[in-house]
Amino acid sequence: MTTTAATPAPGVRGATSEAAARVPHVVIVGAGFGGLRVARALARAPVAVTVVDQHNYHCFLPLLYQVATAGLEPQDIAYPIRAILRRYRNVAFRMARVARADLAGRTLITERGERIGYDHLVVAAGSVTHDFGNPGVAAHAFGLHDIDDARAIRNHVLRLLERAEAMADGPERAALLTLVVVGGGPTGVELAGALAEFRRHVVPRDYRHVRADDLRVLLLEGTDRILGALPERLRQAALSDLAALGVDVRLGTLVGTLDAGAVTLADGARLATHTVIWAAGVKGPPLAAALGLPPGRGGRIAVGATLAVAGHPEVQAIGDVALVAGAEQLPQVAQVAMQQGEHAARNVVRALAGEPPLPFAYRDKGTMATIGRSRAVCHLRGLDLRGRLAWWAWLVVHIVMLIGFRNRLVVLVNWAWNYVTYDRGVRAIVGAGDGRGAP
Ligand SMILES: Cc1cc2nc3c(=O)[nH]c(=O)nc-3n(C[C@H](O)[C@H](O)[C@H](O)COP(=O)(O)OP(=O)(O)OC[C@H]3O[C@@H](n4cnc5c(N)ncnc54)[C@H](O)[C@@H]3O)c2cc1C
């Protein structure tokens, strides 16, 4: 089936085919932070919108590490895309993985071979884990980029603890109980902090033979700093919070190779472990190359200052997948994706009115990371916060950003429960292991 501008896009209810034929069709690839903003901003525009995503849910990535550490359940941070979009009468959803494009024919082609025509295209396909060509990462490390990754990490760690509980002390048990996080950005720091809290509050209660101190959490960072986007004072605060939780932070430590039972560092040292979680960076998704659009650094799509692709004014790229000329240093964070989503929608509306597109300008609202219970760092509009106050600010921002009243309520209740009881969510090992890093 082909959806084109001349064919009523699904979701344009009540439109006659003649009227629909005149309705420009905007296709958005990706229902992440950026794509959903485009759809929302076009909800009252005279266009038919189709959002295409490979999943039927939107995932709130900033809380993925809590799923990986049994603080939250997968369904607490996922929300059905159809439920999000149902209030927008001109917006339809198609669950499909886009495989390539016929740019001249203004058509996307899905993996199943379906063709989706467009007048305007917004590519908001996010990013994937970047292994920097490091041998062994794909085979032996866990990424943390979607719900499957988070579940795999959680199942794996819980399985290791079950095994260690029945083993005598020795090098193999020590390797099982060594968890290595690579990358000192927000994801790595938050994950290492959460694993350390799990060790402190859950391990002593749940296991008779694994002592909290038996479980080691290491955070390896190649540069001389963690949380590079934050001011020095907050970086130091984060380091001391991690140290207080017992995380072994090693700065200036480059990973060489990974194999099934160890990480070999660039200086030749070997760390025996069966758990490496790779949070060292992201790159453009496979789709970025497959579309045939101009490539940018890091496997992203190169776009101009207006977010449009050179030679294809009808195509814009936003969020993690876009490398904006003149703003290459923009961080790959949700705020950038959301602001670019609104901007892309504005430029579509301007194009319909025959007006030229406007350049994108980012308004930096700040950066934050949580390290553990009552420990966080926030740099918000020039205001530096740490400790309990920063933690409350982090909590409020994340609850507000979560989509859906049910998810907000469930997450709030879970956090309150965890806070009061020092406990975690249900630690059920569900599903088969995926083999990565398994002893
Ligand atoms: C673990 C983790 C923690 C993070 N924490 C924070 C944080 O605390 N604060 C913050 O600001 N940012 C954080 N980020 C970054 C933030 O989540 C991203 O910058 C943001 O999600 C980018 O939005 P996006 O719309 O570009 O892409 P995404 O939100 O990733 O959405 C991309 C969508 O495209 C879909 N897609 C991809 N390829 C295809 C295809 N071929 N066909 C169809 N659909 C496709 C995907 O399924 C996905 O739904 C974190 C990221 C991760 C991974």
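Just follow the structure's listing: the first ligand is 1, and inside any ligand the first atom is 1.
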Backbone of [Y] reached by a side-chain donor or acceptor of [X] within 3.5 Å:
X	Y	value
N155	A152	no
E328	G326	yes
T273	L271	no
Q332	D320	yes
R373	Y419	yes

Nearest neighbour in protein (non-hydrogen) for [atom]:
atom	value
atom 48 (C) of ligand 1	D53 OD2, 3.4 Å
atom 1 (C) of ligand 1	L144 O, 3.4 Å
atom 9 (N) of ligand 1	P62 CG, 4.1 Å
atom 21 (O) of ligand 1	F33 CD1, 3.1 Å
atom 16 (C) of ligand 1	A334 N, 3.8 Å
atom 19 (O) of ligand 1	D320 OD1, 2.8 Å
atom 31 (O) of ligand 1	G32 CA, 3.2 Å
atom 51 (C) of ligand 1	L61 CB, 3.9 Å

Under 4.0 Å to a heavy atom of [X] - the qualifying atoms of ligand 1, by number:
X	answer
G319	26 (O)
G30	33 (C), 34 (O), 35 (C)
Q332	15 (C), 19 (O)
A96	42 (N), 43 (C)
A124	32 (C), 33 (C), 34 (O)
T187	1 (C), 2 (C), 3 (C), 4 (C)

Would you say that [X] contacts [Y] through its side chain, given a criterion of any heavy-atom pair below 4.5 Å between the two side chains?
X	Y	result
T253	L218	no
F60	V67	no
D119	E314	no

State whether the shortest distance between N or O atoms of V333 and N or O atoms of ligand 1 falls below 3.5 angstrom.
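So ligand 1 has an N or O lying under 3.5 Å from an N or O of V333.
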
So which of [options] gets nearest to [atom], if we judge by its closest heavy atom?
atom	options	answer
atom 41 (N) of ligand 1	V51, V98, L291	V98
atom 25 (O) of ligand 1	G185, G366, G34, G284	G34
atom 36 (N) of ligand 1	Q54, E190, M368	Q54
atom 38 (N) of ligand 1	P331, A125, G35	A125

Mind checking whether F142 and H156 have parallel, tilted or perpendicular rings, split at 30° and 60°?
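Correct class here is tilted.
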
Plane angle bin for F360 and H343 - parallel if under 30°, tilted between 30 and 60°, otherwise perpendicular:
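Perpendicular.
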
Heavy atom under 4.0 Å from ligand 1: found in A279's side chain, backbone, both, or neither?
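Neither; nothing of A279 gets under 4.0 Å from ligand 1.
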
L287 contact mode with ligand 1 (heavy-atom cut-off under 4.0 Å):
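For L287, only side-chain atoms sit under 4.0 Å from ligand 1.
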
To the nearest 0.5 Å, what is the distance between CD1 (I399) and CG (N407)?
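I399 CD1 to N407 CG: 9.5 Å, rounded to 0.5 Å.
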
Atom 29 (O) of ligand 1: protein heavy atom closer than 4.0 Å?
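At least one protein heavy atom is under 4.0 Å away.
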
Please list all pairs meeting salt bridge (Lys or Arg N to Asp or Glu O under 4.0 Å) that have one or both residues in residues 224-235, counting only residues at least two apart or in different chains.
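For residues 224-235, and leaving out neighbouring residues, the salt bridge (Lys or Arg N to Asp or Glu O under 4.0 Å) pairs sorted by first residue read E232-R235.
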
Name the atoms and distances for all side-chain donor-acceptor pairs under 3.5 Å in residues 240-247, with sequence neighbours left out.
unit_1 : atom_1 : unit_2 : atom_2 : d
S240   : OG     : Q236   : O      : 3.3
S240   : OG     : A237   : O      : 3.1
D241   : OD1    : R375   : NH1    : 3.3

